[in-house]
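Each remark here refers to the structure printed beneath this line.
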Amino acid sequence: MNETTEIKTWDKAYIPKDVEARWVLNWAKSGIFNSHSDLNREPYSLVIPPPNVTGALHIGHALNNTIQDFLARSKRMSGKDLCWVPGTDHGGIATQTVMEKILKTENTSRIRLGREAFTSRMEDWTVHCKETILGQLKKLGCSLDFSREAFTMDEKRKTSVFHAFKKLWDDGLLYRGERLVNWCVRCGTALSDIEVEHEERKGNLWHIRYPEVLGGAGLVVATTRPETMLGDVAVAVHPDDRRYQALIGKKLRLPLVNREIPVIADGFVDSSFGTGAVKVTPAHDPNDFEMGLRHKLPRLKVISPAGKMTEECGVYAGLSREEARKKILQDLESQGLLEKTEPHPHAVGVCYRCQEIIEPLLSQQWFVKTKDLAAEALKALDAGQFKIYPVSWEKPYRDWLLDIRDWCVSRQIWWGHEIPVWYCLKCNAISKDTPFHQIPNLKGVVASEKPKTCSACGGSEFIQDPDVLDTWFSSALWPFSVFGWPDKTDDLARYYPTQILVTGYEIIYLWVARMQMMGLYFTGKVPFSEAFIHGIVRDKKGKKMSKSLGNVVDPLQMMEKYGTDALRFSLISQARPGKDIIFSEDSLIAGRNFTNKLWNTARFALMNAVSPEELGDLQDFPLEAADLWILSEYQKMIASVREEVGAYNLAGAAEQMYEFLWDKFCDWYVELAKLRLQGSDLNARKTAFRVLVTILIGVVKMLHPLMPFVTEEIYSVLKRWDIQPADFLMNSRFPSVPETKITEETQKGMSALIEAVASLRSLRSQLGISPGLKIPIICQGEHSLELKFLKQNLSYLVALTGGKEVSFLNSTNGGLSAKVASAVSSSFSFYVPLEGLIDFKKEAERLGKELQKVESDLSKLSQKLSDSNYLSKAAPEDVSETRLLYDTARSKKARLEDLIKVLV
RNA sequence: GGGCCGUUAGCUCAGUGGUAGAGCGUUCGCCUUACACGCGAAAUGUCGGGGGUUCAAAUCCCUCACGGCCCACCA
C-alpha cells in the first residue's frame with residue numbers, strides 16, 4: 001500500500017498527469033504486460049499494425065492502439081493468456097521521403113550522400129523514431145509486451161524476408177519481367193497498383209488530325225496526353241465502326257515526327273467516345289500496352305524515368321512532360337492539325353506518398369504471382385476461417401481478391417530490404433555500370449550473401465540487384481515473422497495464428513489481404529481469424545487529417561490537456577462500427593468529466609468507508625430496496641457490456657458503463673445510500689457501504705480496459721475491500737454477476753419512486769420553490785403495490801425531494817378542498833400545501849400543460865385500442881401494455897382535471 | 001462507370017417494427033459537506049423528399065435528392 005495515495009490527499013478534481021506517469025512506470029517495472037505462455041490459460045494474441053518510422057504517432061494511431069489495448073486488457077481480465085506484440089515498420093518510400101526532406105533542409109541530398117551514408121543516416125533516424133513511438137504507446141497505456149519489440153528490418157525479420165523470397169522463387173511464384181509499371185518520377189521508383197491513388201483533375205481532350213500517308217485526310221484522334229504521341233505506333237478503331245472501315249490497314253503519317261503508322265482494328269475501342277479513334281502508345285499507357293501485345297506492335301519509349309522526353313523525341317528531347325505537351329500543342333496548332341480542344345475532367349493516377357502524377361513506364365521489375373495465393377485467401381474466407389468486422393468490408397475485400405493482379409514488389413529506392421538476388425557479371429555479360437532496369441532476362445542467384453563463385457561459369461564477380469522490396473512485403477509476413485518464423489519456435493506454436501487484427505479500412509488491400517495470402521502460403525494457416533476494421537479520424541469539417549492541410553491533432557497534447565483516459569474514452573465512445581470519427585476537442589470534455597465523476601465517486605466511497613476488517617461479504621448483510629435495485633441494474637450492465645464487447649461494439653460498451661455509473665449509480669443509488677452512510681446505525685452503514693464498494697470495485701474493473709489509469713489509481717486503494725484483491729487490475733477478473741433476487745414489488749416500487757421524485761422536483765423548480773425549503777407533502781395513491789413500497793421507503797422520497805412530514809390521504813376521502821400545488825405521477829398524486837408561497841395561477845397553467853400532454857397521449861392510445869385490426873393482429877403482450885398505458889393516462893387525466901377545477 | 005456507406009435536436013452521434021434518445025451547447029434555479037469537470041429543472045425534432053408493405057415504419061421495400069468513401073485501363 002506504500003505507493004498509493006491516501007484519501008486525505010486526493011484532489012477534489014482528478015489530476016491525471018502524475019497519476020499516469022506513476023502507473024506507466026509501475027506497470028513497466030512489474031512486467032505484467034509480458035506474456036509467458038501460461039499453459040493454464042487459453043492463448044489470445046494479436047500483433048500491432050507497426051507504425052512507420054516516419055515521425056511521431058498521430059490521433060489515428062491513438063485510436064487504433066486504444067482499441068487494441070481495450071481488447072487486450074479485456075481478454076486478460078477474461079482469463080486469457082494474452083500476447084500483444086509491439087513493433088515498427090521501416091516504411092520504405094514514406095520514410096525515405098521524410099529523410100529526403102530533412103536532408104534538403106541541411107542543403108544536401110540523398111544522391112550527394114550516396115547509398116551507404118544515406119542508409120546509415122536512415123538507421124540513426126529509425127532508432128530515434130522507434131524510441132519516440134514506443135514511448136508514446138507506453139504513455140497511451142498500451143499493454144504491449146515490450147520485450148518482444150520487433151522491427152520490419154531488424155536481423156530476425158531480414159531472415160524471414162529472405163526465406164519468404166526464396167520460397168516464392170523456388171516455387172515459381174516470383175519473376176522478373178518487363179511490364180508497364182506505375183512510375184513515380186519524383187520518388188524515382190515503381191509502385192504497385194494499389195499505391196496509386198486516383199484524383200479527379202481538370203484536363204482537356206485534344207483532337208489531333210493524323211493525315212494519310214497517301215494524301216487522304218486521315219482521321220482525328222482524341223487524347224488527354226498529346227505529349228505521348230511521339231511514341232505512337234498505331235491508331236486503333238473499333239472493327240465495326242462504319243466511319244473508319246476504309247481506313248483499317250492504311251498508313252497514317254504521325255504529325256511532327258512523320259513516322260508511318262498503321263490503322264488497326266481492336267474491339268477495345270469505344271466508338272462513342274471522342275472521335276472513336278485512339279492513338280496507340282504501348283510504352284506509356286496500360287491499354288495501349290495490351291493492344292500492343294495483341295497486334296505485335298513495337299514499344300517506343302518517349303518519356304524517361306526522370307519524367308523527361310527521351311532522345312527519340314528529336315527537338316522535344318530533354319523537355320519535361322509539361323513543357324513537351326505545351327510545345328507539341330503549339331506546333332500542331334501552327335500546322336493546322338489541332339482540330340479541337342474541349343475541357344475534359346478525368347482521373348489521373350498520383351503517388352500515394354507524394355501526390356506526383358504517375359507515369360506508366362516500361363521497365364524490368366519483380367512481381368509476385370498472386371492468383372493462386374488469392375484463391376487460397378478466398379477459400380479461407382468462404383470457409384469462415386477468416387471473418388471481417390463490420391461485415392460490410394467483406395465484399396470489397398472479396399472483390400479485390402477476385403480481381404487481383406500480380407504484385408510489383410521491387411522498388412527503386414534505397415531504404416528497404418535489398419532484393420537477395422545476385423548476378424554473375426560474366427554469365428550475364430554485364431558490367432557494374434549497366435542500366436539495370438533496361439536489361440531483360442538476367443540470370444540471377446538467390447542468396448542471402450554474395451556468392452563466392454558462379455556455379456555456371458566459375459566467375460567470381462557479382463552485382464546484387466539494386467532494388468529493394470516493397471515495404472508491404474515484409475509487413476505481409478508480420479504476424480508470423482514476429483514470432484521467429486521460419487524457425488519453428490515455441491512462440492510460433494503458442495501464439496500463432498493470432499486471434500485478431502485491428503486496423504483501419506485504408507489498408508485492407510495493402511496489408512490485410514496480403515497478410516492473409518502470405519500467411520496461408522507460408523504457414524498454411526490464416527494469420528488471424530478476425531479482422532476488426534475501424535474508421536479513420538477526421539477533423540471538424542470531416543476532412544482527412546494530413547500534415548499538408550495542417551489539421552492534424554497531436555494525441556500527446558490532448559493527453560496533456562484532458563488526460564489519457566479522457567482521450568481514450570472520447571475515441572472509443574465515438575468508434576461506432578463502420579464509422580469514421582469526427583474529432584473535435586469538445587468531445588474530450590465529456591471524457592474528462594466522466595473520469596472526474598468516477599474519481600469523485602471513489603472519493604465519496606472512501607470518505608464513508610468502513611474498514612475492511614469490520615466488513616463481511618455481500619451475503620452477510622440484510623439488503624434493502626435500493627441495494628437490490630442497484631444490484632439488479634449492475635447485473636444488467638455487466639451483461640450488456642459483455643454482449644457489446646463480444647460484437648466489437650466498444651462504443652456501445654462505453655455507453656452502457658457511462659450510463660450505469662452516472663445515471664443509475666451516482667444519481668440514484670449514492671443519494672439513497674447517503675441516508676445510511678451518514679446515519680448513526682452502524683449495521684445500516686456497513687450494509688450500504690458493502691454494496692457501494694462492491695459495485696464500485698466492479699465498475700472500476702469493467703472500466704479498466706477503457707480508462708486504465710484512473711481505474712488503477714482508484715483500485716490501488718479500493719482493493720482492500722475486494723474479496724479477491726489483485727496486485728494490478730489487469731490481473732484481476734471481471735466481476736461475476738452477484739446473485740440477487742429482486743421482487744416485483746421492489747422493481748415496480750423503485751420505478752414509481754423515481755417517477756414520483758421527478759414530478760415533485762419539476763413542481764419545485766417550475767414554481768420557484770427555494771431549493772433549501774423543506775416542503776410538507778400529502779400523498780394519495782391507489783396502486784396498492786406501489787403505495788405499500790412508498791410507505792415502507794418513505795425516507796427515500798423525503799431525502800430526494802427535500803420534503804418534511806409526509807402524510808397520506810385515503811383514496812376514499814376524496815380530493816382536497818384547499819388550494820395546493822400538485823405533482824401527478826402514474827401511481828401517485830402529491831399535494832404541496834404552501835399557501836402564500838405558491839402562485840396558483842402559474843400552478844394552474846402548469847397543470848394545464850400537463851393535462852394537454854396526457855390528453856394527446858390518451859387520444860393516440862384510445863385510437864389504437866379502438867382499432868379491431870390492432871387488437872386482433874398485434875402481439876397480446878403489446879395490447880395489454882397499451883391497455884395499461886391507457887388506464888394510467890386516464891387516471892392521470894381525471895386527477896389533473898379535479899385539481900385544476902379547485903384552482904380556477 | 002461499378003460498388004459501399006451516410007442523411008434523426010444548433011453540433012457529434014445512438015436508436016433498426018409498437019407513444020423519438022444521449023453527450024456537448026442553450027435557458028432557468030442552485031457553491032445541497034463526492035464531484036460547479038457538479039446538482040436539479042427546461043426548451044429544441046412533419047427522424048432528407050416521395051411512394052409502397054403492415055393493424056402499426058425513424059426502423060422493412062422501391063425511388064429521387066444531397067453528402068462521403070472505395071474500386072475502375074474509356075483514350
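These numbers come from the heavy atoms of this one structure, side chains and all, not from hydrogens, waters or symmetry mates. Residue numbering restarts at 1 for every chain, and letters A, B, ... go by the order of the sequence lines.
- Each of rA41(B), rC55(B), rA72(B) was ranked by its minimum atom distance to the side chain of Ala347(A); first place goes to rA72(B).
- Contact between the side-chain N/O atoms of Arg405(A) and the OP1/OP2 oxygens of rC73(B) is found at a separation under 4.0 Å.
- Considering only side-chain N and O atoms, Asn600(A) lies nowhere under 4.0 angstrom from the phosphate OP1 or OP2 of rC37(B).
- Glu290(A) comes within contact range of no nucleotide atom at all, as no heavy-atom separation falls under 4.0 Å.
- No engagement by Phe594(A) is indicated, since no non-hydrogen atom pair under 4.0 Å with the nucleic acid exists.
- In this model, the phosphate group of rA34(B) is not approached by any side-chain N or O of Trp662(A) to a distance below 4.0 Å at OP1 or OP2.
- Picking from rC71(B), rA72(B), rC39(B) the nucleotide with the shortest atom distance to the side chain of Asp667(A) gives rC39(B).
- Counting non-hydrogen atoms under 4.0 angstrom, Lys579(A) reaches the backbone sugars and phosphates but no base.
- Distances shorter than 4.0 Å separate none of the side-chain N or O atoms of Lys860(A) from OP1 or OP2 on rU19(B).
- Among the nucleotides rA34(B), rC69(B), rA41(B), the one closest to the side chain of Lys674(A) is rA34(B).
- Regarding contacts with the backbone of rU33(B), every side-chain N or O of Gln678(A) stays at 4.0 angstrom or more from both OP1 and OP2.
- Scanning atom types as modelled, no donor and acceptor separated by under 3.5 angstrom connect the side chain of Lys395(A) and the base of rC4(B).
- A salt bridge does not link Lys853(A) with Glu850(A): none of the charged nitrogens is closer than 4.0 Å to a carboxylate oxygen.
- Nearest nucleotide to the Ala874(A) side chain, out of rA41(B), rA72(B), rC55(B): rC55(B).
- Between the side chains of Ser826(A) and Thr888(A), not a single donor N or O lies within less than 3.5 Å of an accepting N or O.
- Contact annotation for Ile582(A): backbone-only contact, meaning every heavy-atom pair under 4.0 Å involves sugar-phosphate atoms and none involves a base.
- Between Thr223(A) and Thr882(A), the one whose closest nucleotide on RNA chain B sits nearer the 5' end is Thr882(A).
- Checking Tyr352(A) against Glu195(A) by side-chain atom types alone, a donor-acceptor pair falls below 3.5 Å.
- For rG40(B), neither phosphate oxygen OP1 nor OP2 lies less than 4.0 angstrom from any side-chain nitrogen or oxygen of Ser762(A).
- Between Lys674(A) and Glu671(A) there is a salt bridge, since a side-chain N of the basic residue sits under 4.0 Å from a carboxylate O of the acidic one.
- Here the nucleotide nearest the side chain of Arg603(A), chosen from rC55(B), rA34(B), rA14(B), is rA34(B).
- With salt bridges taken as basic N to acidic carboxylate O contacts below 4.0 Å, none links Arg321(A) and Glu227(A).
- Asn608(A) has its CG atom 10 Å from the C1' atom of rU33(B), to the nearest Å.
- Base-pair partner of rC69(B): rG3(B) (Watson-Crick or G-U wobble, both distances under 3.5 Å).
- Nearest to the side chain of Asn596(A), among rC37(B), rA75(B), rC55(B), sits rC37(B).
- Residue Asp878(A) has its side chain nearest to rG18(B) when only rC70(B), rG18(B), rC24(B) are considered.
- Inspection of the Asp580(A) and Tyr505(A) side chains reveals an N or O donor paired with an N or O acceptor under 3.5 Å.
- Taking only side-chain nitrogens and oxygens, His344(A) never comes nearer than 4.0 Å to OP1 or OP2 of rC74(B).
- For the pair Arg225(A) and rC74(B), the criterion of a side-chain N or O lying under 4.0 Å from OP1 or OP2 is not met.
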